[in-house]
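Hydrogens, waters and symmetry mates are skipped; everything else that's a heavy atom, side chains included, is used. Since the structure is predicted, the reported quantities are computational estimates derived from the model, not experimental observations.
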Amino acid sequence: MRVQFVSRVVLSPDSSQLAISSMIGMLAIIKNLDLRSLEADFCDFSISNCWRAHLNGDDSCLNGEHFLRRRNKLKLCFDFLPEMNPWSMSSLQMHPEGQFVLTRFSSNKSDTEWTALHIIDETLAKDEQPKLYRYIEEPNKEKEYIKEMCFSHDGR
């Protein structure tokens, strides 16, 4: 599996999901994780290239086997608001029950930072794609300071 500029990788508490964020604003989720076959399942696939192709209007890679298989199924989060322009994902947390992913990132078009909560549980999202659930924009006033978020052990 090839992912350029990885900034954070988080495993769900039950080890069934893997969340990956990057310095180029990419957020990927691998569902039904099987580490024994992960390398073989993604040997000729670049998640970063697929992400960039989508941002440039080419969605052909989204119809590939990596998005359709049951084991190590790839999901990409594209539902950021246009004004967010995610860049430099500095924080990534997985909900204790694997229902949500929490990210903190800078915007590449303004001097702001965003905190976003994505639903990744298909039963809550009402379909198979991750959904932006909550978000907040904050000014980026502290230089060289990363704000880390976290869930409590009970998911709050």
| query | Got a second to check how far Leu55's CG is from Met26's CE, nearest 0.5 Å? | reply | 11.0 Å
| task | Determine the minimum heavy-atom distance between Tyr133 and Ile119, stating which atoms define it. | result | CD1-CD1, 3.5 Å
| task | Any chance you could measure Asn32, atom CG, to Arg70, atom CZ, to the nearest 0.5 Å? | result | 5.0 Å
| query | Considering only heavy atoms from C-beta outward, does the side chain of Tyr135 approach that of Leu117 to under 4.5 Å? | reply | no
| message | I'd like to know if the side chain of Ser91 reaches the main chain of Arg104, judged simply by a donor and an acceptor atom lying under 3.5 Å from each other, with no hydrogens or angles considered. | response | no
| field | Min side-chain heavy-atom separation His54-Asp59 under 4.5 Å | value | yes
| Can you check whether Phe100 reaches Arg134 side chain to side chain, under 4.5 Å on heavy atoms? | no
| field | Non-hydrogen side-chain atoms of Leu132 and Met84 separated by less than 4.5 Å | value | yes
| field | Atom pair CG/NZ of Asp79 and Lys131 - distance to nearest 0.5 Å | value | 6.5 Å
| field | Within-4.5 Å side-chain heavy-atom neighbours: Ile47 and Leu76 | value | yes
| Stepwise, does the side chain to side chain contact (heavy atoms under 4.5 Å, CB included) test hold for Arg52 with Ile24? | CA-CA 9 Å; Arg52 278 195 287 282; Ile24 60 171; 3.3 Å; yes
| message | Nearest 0.5 Å, please: how far is CD1 in Ile120 from CD1 in Ile29? | response | 4.5 Å
| message | Let me confirm one number: the CG-CG distance from Leu38 to Asn72, rounded to the nearest 0.5 Å. | response | 5.0 Å
| note | Nearest heavy-atom approach of Phe67 to Cys50 is CZ-SG, 3.9 Å
| Closest approach of Gln17 to Gly98 (non-hydrogen atoms, all atoms of both residues) | NE2-O, 3.0 Å
| query | What is the minimum heavy-atom distance between Phe80 and Gly25, and which atoms define it? | reply | CE1-O, 4.3 Å
| query | Which value, rounded to the nearest 0.5 Å, describes the distance between Trp51 atom CH2 and Asn56 atom CG? | reply | 12.0 Å
| note | Closest non-hydrogen contact found for Met94 with Ser12 is CG-CA, 3.8 Å
| message | Distance to the ring centre below 6.0 angstrom and angle to the axis at most 45 degrees; does that hold for Arg8 and Phe105? | response | no
| message | Test your reading of the model: is there a side-chain donor-acceptor pair from Arg69 to the backbone of Asp41, 3.5 Å cut-off? | response | yes
| For the student: nearest non-hydrogen atoms of Leu74 and Ala28, plus distance | CD1-CB, 4.1 Å
